[in-house]
Colleague: 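Just dropping this structure here.
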Amino acid sequence: MSDQDLQKLAELRAKIDMADQSIHALLLQRAQVIDELIKAKGASKNRGAAFRPGREAQMMEVLKERHSGSIPFATIAHMWREIISTFTWLQAAYTVHIAQTKDNRLNDTVRYQFGFTVEVQTHSTIDRAMDAAQNTQNAIVVLETPKDHTVDWWRGIGGTSGLSVMARLPIVPVSFNAVDALVLAPPLSDPVPFEWRVYVVRTKSKSDLNNWDGGELLASQEEPDGGTVSLIAIGPGGKTPTELLDIRAAGGYFAPLTDE
(Lines give C-alpha, C1' and ligand atoms only; values in the text may rest on other atoms or scores of the structure.)
Protein backbone atom coordinates (compact mmCIF):
# COMPACT_ATOMS: atom_id res chain seq x y z
CA MET A 1 0.00 0.00 0.00
CA SER A 2 1.14 3.52 -0.72
CA ASP A 3 1.70 6.14 1.97
CA GLN A 4 -1.48 7.85 0.81
CA ASP A 5 -3.47 4.60 1.19
CA LEU A 6 -2.04 4.04 4.66
CA GLN A 7 -2.95 7.57 5.70
CA LYS A 8 -6.51 7.10 4.40
CA LEU A 9 -6.79 3.81 6.29
CA ALA A 10 -5.63 5.48 9.49
CA GLU A 11 -8.22 8.24 9.05
CA LEU A 12 -11.00 5.74 8.56
CA ARG A 13 -9.94 3.78 11.64
CA ALA A 14 -9.93 7.03 13.62
CA LYS A 15 -13.52 7.67 12.48
CA ILE A 16 -14.50 4.18 13.67
CA ASP A 17 -12.91 4.86 17.05
CA MET A 18 -14.82 8.14 17.32
CA ALA A 19 -18.09 6.40 16.41
CA ASP A 20 -17.43 3.71 19.03
CA GLN A 21 -16.72 6.41 21.63
CA SER A 22 -19.98 8.16 20.76
CA ILE A 23 -21.96 4.91 20.99
CA HIS A 24 -20.44 4.16 24.40
CA ALA A 25 -21.17 7.66 25.66
CA LEU A 26 -24.79 7.44 24.49
CA LEU A 27 -25.23 4.08 26.25
CA LEU A 28 -23.94 5.63 29.47
CA GLN A 29 -26.35 8.52 28.94
CA ARG A 30 -29.20 6.05 28.43
CA ALA A 31 -28.27 4.34 31.69
CA GLN A 32 -28.53 7.66 33.52
CA VAL A 33 -32.02 8.15 32.11
CA ILE A 34 -32.98 4.67 33.31
CA ASP A 35 -31.77 5.59 36.81
CA GLU A 36 -34.08 8.61 36.73
CA LEU A 37 -36.91 6.46 35.41
CA ILE A 38 -36.55 4.02 38.30
CA LYS A 39 -36.84 6.87 40.78
CA ALA A 40 -39.82 8.35 38.94
CA LYS A 41 -42.03 5.27 38.78
CA GLY A 42 -40.59 2.87 41.34
CA ALA A 43 -40.24 0.13 38.74
CA SER A 44 -38.52 -2.23 41.15
CA LYS A 45 -41.82 -2.65 42.99
CA ASN A 46 -43.78 -3.79 39.94
CA ARG A 47 -44.96 -7.37 39.93
CA GLY A 48 -44.15 -9.58 36.96
CA ALA A 49 -40.92 -7.89 35.79
CA ALA A 50 -40.26 -4.57 34.08
CA PHE A 51 -40.57 -6.26 30.67
CA ARG A 52 -43.15 -4.27 28.66
CA PRO A 53 -43.64 -5.90 25.25
CA GLY A 54 -45.91 -3.16 23.91
CA ARG A 55 -43.30 -0.50 24.50
CA GLU A 56 -40.59 -2.73 23.01
CA ALA A 57 -42.70 -3.52 19.94
CA GLN A 58 -43.19 0.19 19.35
CA MET A 59 -39.46 0.85 19.69
CA MET A 60 -38.57 -1.94 17.25
CA GLU A 61 -41.13 -0.68 14.73
CA VAL A 62 -39.66 2.83 14.84
CA LEU A 63 -36.17 1.34 14.50
CA LYS A 64 -37.22 -0.61 11.41
CA GLU A 65 -38.89 2.40 9.76
CA ARG A 66 -35.83 4.62 10.03
CA HIS A 67 -33.27 1.93 9.16
CA SER A 68 -31.20 2.30 6.00
CA GLY A 69 -27.75 1.49 4.66
CA SER A 70 -25.84 -1.72 3.97
CA ILE A 71 -26.00 -3.23 7.45
CA PRO A 72 -28.88 -5.77 7.65
CA PHE A 73 -31.79 -4.78 9.88
CA ALA A 74 -31.56 -8.20 11.55
CA THR A 75 -28.11 -7.22 12.84
CA ILE A 76 -29.39 -3.90 14.18
CA ALA A 77 -32.38 -5.65 15.77
CA HIS A 78 -30.07 -8.15 17.47
CA MET A 79 -27.93 -5.41 19.01
CA TRP A 80 -31.00 -3.46 20.09
CA ARG A 81 -32.51 -6.55 21.71
CA GLU A 82 -29.45 -6.79 23.95
CA ILE A 83 -29.57 -3.07 24.75
CA ILE A 84 -33.29 -2.96 25.45
CA SER A 85 -33.27 -6.16 27.53
CA THR A 86 -30.30 -5.09 29.63
CA PHE A 87 -31.74 -1.68 30.42
CA THR A 88 -35.13 -3.24 31.18
CA TRP A 89 -33.39 -5.60 33.60
CA LEU A 90 -31.68 -2.61 35.24
CA GLN A 91 -35.11 -1.16 36.05
CA ALA A 92 -36.04 -4.29 37.99
CA ALA A 93 -33.96 -7.45 37.86
CA TYR A 94 -36.14 -10.35 36.77
CA THR A 95 -35.82 -14.01 35.88
CA VAL A 96 -37.03 -15.91 32.83
CA HIS A 97 -38.17 -19.49 33.44
CA ILE A 98 -38.33 -22.13 30.71
CA ALA A 99 -38.92 -25.88 30.58
CA GLN A 100 -36.29 -28.29 29.35
CA THR A 101 -36.73 -29.25 25.68
CA LYS A 102 -35.18 -31.78 23.31
CA ASP A 103 -33.14 -29.13 21.47
CA ASN A 104 -31.85 -25.60 22.11
CA ARG A 105 -34.36 -23.73 19.94
CA LEU A 106 -36.40 -22.40 22.85
CA ASN A 107 -33.28 -21.35 24.73
CA ASP A 108 -31.93 -19.63 21.60
CA THR A 109 -35.23 -17.79 21.12
CA VAL A 110 -35.26 -16.66 24.74
CA ARG A 111 -31.64 -15.51 24.65
CA TYR A 112 -32.27 -13.54 21.46
CA GLN A 113 -35.24 -11.79 23.08
CA PHE A 114 -33.85 -11.19 26.57
CA GLY A 115 -30.09 -11.12 26.01
CA PHE A 116 -27.41 -12.51 28.29
CA THR A 117 -27.81 -10.20 31.29
CA VAL A 118 -31.22 -11.53 32.27
CA GLU A 119 -31.05 -14.79 34.23
CA VAL A 120 -32.70 -17.77 32.53
CA GLN A 121 -33.60 -20.79 34.68
CA THR A 122 -34.38 -24.14 33.04
CA HIS A 123 -36.79 -26.53 34.77
CA SER A 124 -37.41 -30.22 34.19
CA THR A 125 -41.13 -29.74 33.45
CA ILE A 126 -43.52 -27.06 32.22
CA ASP A 127 -45.45 -27.19 35.51
CA ARG A 128 -42.31 -26.42 37.51
CA ALA A 129 -41.41 -23.54 35.21
CA MET A 130 -44.90 -22.09 35.56
CA ASP A 131 -44.91 -22.52 39.34
CA ALA A 132 -41.56 -20.73 39.59
CA ALA A 133 -42.83 -17.78 37.56
CA GLN A 134 -46.07 -17.68 39.54
CA ASN A 135 -44.42 -17.76 42.97
CA THR A 136 -41.32 -15.64 42.33
CA GLN A 137 -41.32 -11.86 42.38
CA ASN A 138 -40.35 -10.24 39.08
CA ALA A 139 -40.43 -13.40 36.99
CA ILE A 140 -41.90 -14.59 33.70
CA VAL A 141 -42.13 -17.92 31.93
CA VAL A 142 -41.63 -18.64 28.21
CA LEU A 143 -43.31 -21.72 26.73
CA GLU A 144 -43.67 -23.04 23.21
CA THR A 145 -47.00 -22.07 21.66
CA PRO A 146 -49.10 -25.19 22.29
CA LYS A 147 -50.37 -25.46 18.69
CA ASP A 148 -49.91 -29.05 17.47
CA HIS A 149 -48.76 -30.12 20.95
CA THR A 150 -50.62 -32.34 23.40
CA VAL A 151 -49.39 -30.58 26.56
CA ASP A 152 -52.33 -28.73 28.11
CA TRP A 153 -50.55 -26.19 30.34
CA TRP A 154 -52.69 -23.42 28.84
CA ARG A 155 -56.01 -24.66 30.24
CA GLY A 156 -55.58 -22.94 33.61
CA ILE A 157 -54.12 -19.59 32.56
CA GLY A 158 -55.92 -16.27 32.78
CA GLY A 159 -58.33 -14.95 35.35
CA THR A 160 -57.49 -12.39 38.01
CA SER A 161 -54.52 -14.02 39.73
CA GLY A 162 -52.91 -16.66 37.50
CA LEU A 163 -50.38 -16.40 34.72
CA SER A 164 -51.53 -14.68 31.53
CA VAL A 165 -50.01 -14.24 28.08
CA MET A 166 -48.15 -10.95 27.62
CA ALA A 167 -46.07 -11.48 24.46
CA ARG A 168 -45.40 -13.79 21.53
CA LEU A 169 -41.89 -14.57 20.33
CA PRO A 170 -39.93 -13.90 18.27
CA ILE A 171 -41.04 -10.26 18.03
CA VAL A 172 -38.71 -9.54 15.09
CA PRO A 173 -37.62 -11.72 12.13
CA VAL A 174 -34.56 -13.80 13.03
CA SER A 175 -31.97 -15.63 10.96
CA PHE A 176 -32.13 -18.88 12.97
CA ASN A 177 -34.86 -21.49 13.43
CA ALA A 178 -36.65 -19.83 16.32
CA VAL A 179 -39.50 -21.32 18.33
CA ASP A 180 -42.99 -19.85 18.22
CA ALA A 181 -43.40 -19.12 21.93
CA LEU A 182 -45.64 -17.33 24.40
CA VAL A 183 -44.43 -15.21 27.33
CA LEU A 184 -46.57 -15.46 30.46
CA ALA A 185 -46.50 -13.44 33.66
CA PRO A 186 -48.64 -12.71 36.73
CA PRO A 187 -50.98 -9.71 36.41
CA LEU A 188 -48.98 -6.51 35.96
CA SER A 189 -49.48 -3.34 37.97
CA ASP A 190 -49.86 -1.30 34.78
CA PRO A 191 -51.54 -3.49 32.13
CA VAL A 192 -51.99 -2.10 28.61
CA PRO A 193 -54.34 -3.09 25.76
CA PHE A 194 -53.02 -5.74 23.35
CA GLU A 195 -53.23 -5.96 19.57
CA TRP A 196 -54.08 -9.65 19.82
CA ARG A 197 -56.25 -10.87 22.70
CA VAL A 198 -55.97 -14.41 24.03
CA TYR A 199 -58.85 -16.39 25.53
CA VAL A 200 -59.55 -19.84 26.91
CA VAL A 201 -62.94 -20.85 25.55
CA ARG A 202 -65.25 -23.85 25.88
CA THR A 203 -67.52 -25.07 23.11
CA LYS A 204 -69.78 -28.08 22.59
CA SER A 205 -67.29 -29.41 20.04
CA LYS A 206 -64.23 -28.31 18.07
CA SER A 207 -66.43 -28.02 14.97
CA ASP A 208 -68.06 -24.95 16.54
CA LEU A 209 -64.83 -23.11 15.66
CA ASN A 210 -64.70 -24.30 12.04
CA ASN A 211 -66.47 -21.26 10.61
CA TRP A 212 -64.78 -18.76 12.90
CA ASP A 213 -62.38 -16.40 11.10
CA GLY A 214 -61.73 -13.84 13.83
CA GLY A 215 -58.23 -14.96 14.73
CA GLU A 216 -56.08 -18.03 15.35
CA LEU A 217 -56.70 -21.34 17.10
CA LEU A 218 -53.63 -21.92 19.26
CA ALA A 219 -54.65 -25.19 20.93
CA SER A 220 -57.68 -27.39 21.46
CA GLN A 221 -58.52 -30.37 23.62
CA GLU A 222 -61.60 -32.52 23.93
CA GLU A 223 -63.17 -33.16 27.33
CA PRO A 224 -64.74 -36.39 28.67
CA ASP A 225 -68.26 -34.92 28.40
CA GLY A 226 -67.80 -34.29 24.69
CA GLY A 227 -67.08 -30.57 24.99
CA THR A 228 -63.91 -28.88 23.79
CA VAL A 229 -61.61 -26.40 25.54
CA SER A 230 -59.52 -24.21 23.24
CA LEU A 231 -56.92 -21.46 23.40
CA ILE A 232 -57.63 -18.78 20.82
CA ALA A 233 -56.10 -15.46 19.79
CA ILE A 234 -58.26 -12.70 18.32
CA GLY A 235 -56.62 -10.07 16.13
CA PRO A 236 -57.46 -6.38 15.61
CA GLY A 237 -61.08 -6.06 14.56
CA GLY A 238 -61.72 -9.77 15.08
CA LYS A 239 -64.74 -11.10 16.96
CA THR A 240 -65.13 -13.95 19.39
CA PRO A 241 -66.69 -17.20 18.15
CA THR A 242 -70.46 -17.25 18.49
CA GLU A 243 -71.01 -20.81 19.76
CA LEU A 244 -69.36 -20.50 23.17
CA LEU A 245 -70.29 -22.14 26.45
CA ASP A 246 -67.65 -20.24 28.43
CA ILE A 247 -64.85 -17.73 27.86
CA ARG A 248 -61.96 -16.54 30.06
CA ALA A 249 -59.55 -13.73 29.23
CA ALA A 250 -55.94 -14.99 29.19
CA GLY A 251 -53.88 -11.95 28.19
CA GLY A 252 -52.63 -11.07 24.75
CA TYR A 253 -49.68 -9.95 22.66
CA PHE A 254 -48.50 -7.47 20.07
CA ALA A 255 -48.10 -8.60 16.49
CA PRO A 256 -44.48 -9.55 15.73
CA LEU A 257 -42.69 -7.53 13.05
CA THR A 258 -42.42 -9.05 9.58
CA ASP A 259 -39.83 -8.83 6.79
CA GLU A 260 -42.21 -6.74 4.67
Colleague: When you look at CG of Asn135, are more than 12 heavy atoms from neighbouring residues, nucleotides or ligands closer to it than 6.0 Å?
Modeller: yes

Colleague: So, Trp212 side chain and Lys239 main chain: donor-acceptor pair closer than 3.5 Å or not?
Modeller: yes

Colleague: Check the angle between the aromatic planes of Tyr253 and Trp196 and answer parallel, tilted or perpendicular using the 30° and 60° thresholds.
Modeller: parallel

Colleague: Kindly confirm or rule out a cation-pi arrangement of Arg30 over Phe87, judged by NZ or CZ under 6.0 Å from the six-membered ring centre and within 45° of its axis?
Modeller: yes

Colleague: Taking side chain as C-beta onward, heavy atoms only, is Pro146 less than 4.5 Å from Asp152?
Modeller: no

Colleague: How long is the straight-line distance from CD of Gln91 back to CG of Asn138, given to the nearest 0.5 Å?
Modeller: 11.0 Å

Colleague: Could you tell me if Thr101 and Arg105 have a donor-acceptor pair between their side chains, going purely by distance under 3.5 Å?
Modeller: no

Colleague: Take the angle between the ring planes of Phe51 and Phe114 and call it parallel below 30°, perpendicular above 60°, tilted in between.
Modeller: perpendicular

Colleague: Does a side-chain heavy-atom distance below 4.5 Å link Ser164 with Ile157?
Modeller: no

Colleague: Above 12 or not: heavy atoms from other molecules or residues under 6.0 Å from CD of Glu11?
Modeller: yes

Colleague: Between Glu119 and Gln121, do the side chains contain a donor N or O and an acceptor N or O under 3.5 Å apart?
Modeller: yes

Colleague: Answer yes or no: are there more than 12 heavy-atom neighbours, outside Asp3 itself, under 6.0 Å from its atom CG?
Modeller: no

Colleague: Are any side-chain N or O atoms of Arg81 and backbone N or O atoms of Val172, one a donor and one an acceptor, separated by less than 3.5 Å?
Modeller: no

Colleague: Answer yes or no: is there a side-chain heavy-atom contact under 4.5 Å between Leu163 and Val141?
Modeller: yes

Colleague: Considering the options Ile171, Val174, Asn107, Leu169, which one meets the side chain to side chain contact (heavy atoms under 4.5 Å, CB included) requirement together with Tyr112?
Modeller: Val174

Colleague: Indicate if Val201 and Leu245 have the same hydrophobic cluster label, given that clusters are the connected sets of ILVMFWY residues with side-chain heavy-atom separations under 4.5 angstrom.
Modeller: no

Colleague: Between Arg111 and Asp108, is any pair of side-chain heavy atoms under 4.5 Å apart?
Modeller: no

Colleague: Under a 3.5 Å cutoff, is there a donor and acceptor pairing between the side chains of Asp5 and Ser2?
Modeller: yes

Colleague: Could you walk me through whether Glu223 and Arg155 pass the salt bridge (charged side-chain N to carboxylate O under 4.0 Å, His left out) check?
Modeller: CA-CA 11 Å; Glu223 296 193 299; Arg155 291 180 59 128; 2.8 Å; yes

Colleague: Below 4.0 angstrom, N of the basic side chain to O of the carboxylate: do Arg168 and Glu216 qualify?
Modeller: yes

Colleague: Same cluster for Leu209 and Val200 if Ile/Leu/Val/Met/Phe/Trp/Tyr side chains link at under 4.5 Å?
Modeller: no

Colleague: For the CZ atom on Arg128, are there more than 12 heavy atoms of other groups (residues, nucleotides or ligands in this structure) within a distance under 6.0 Å?
Modeller: no

Colleague: Is there a side-chain contact between Met166 and Ile140 in this structure, where contact means two heavy atoms from C-beta onward sitting under 4.5 Å apart?
Modeller: yes

Colleague: Find out whether Leu244 and Thr242 are in side-chain contact, i.e. whether some heavy atom of one side chain is under 4.5 Å from a heavy atom of the other.
Modeller: no

Colleague: Determine whether more than 12 heavy atoms belonging to other residues, nucleotides or ligands lie under 6.0 Å from atom CD of Glu65.
Modeller: yes

Colleague: Any donor-acceptor pair under 3.5 Å linking the side chain of Ser205 with the backbone of Gly227?
Modeller: no

Colleague: Does Glu222 offer a backbone N or O that forms a donor-acceptor pair with the side chain of Thr228 under 3.5 Å?
Modeller: no

Colleague: Would you indicate whether the side-chain heavy atoms of Val198 and Ile232 approach each other to under 4.5 Å?
Modeller: no

Colleague: Under 3.5 Å, is there a donor-acceptor pair between the side chain of Ser230 and the main chain of Ser220?
Modeller: no

Colleague: Between Asp20 and Ile16, is there a side-chain heavy-atom distance shorter than 4.5 Å?
Modeller: yes

Colleague: Got a donor-acceptor contact below 3.5 angstrom from the Gln113 side chain to the Pro170 backbone?
Modeller: no

Colleague: Within the distance-only criterion (no hydrogens, no angle test), does the side chain of His67 pair as donor or acceptor with the backbone N or O of Ile71 below 3.5 angstrom?
Modeller: yes

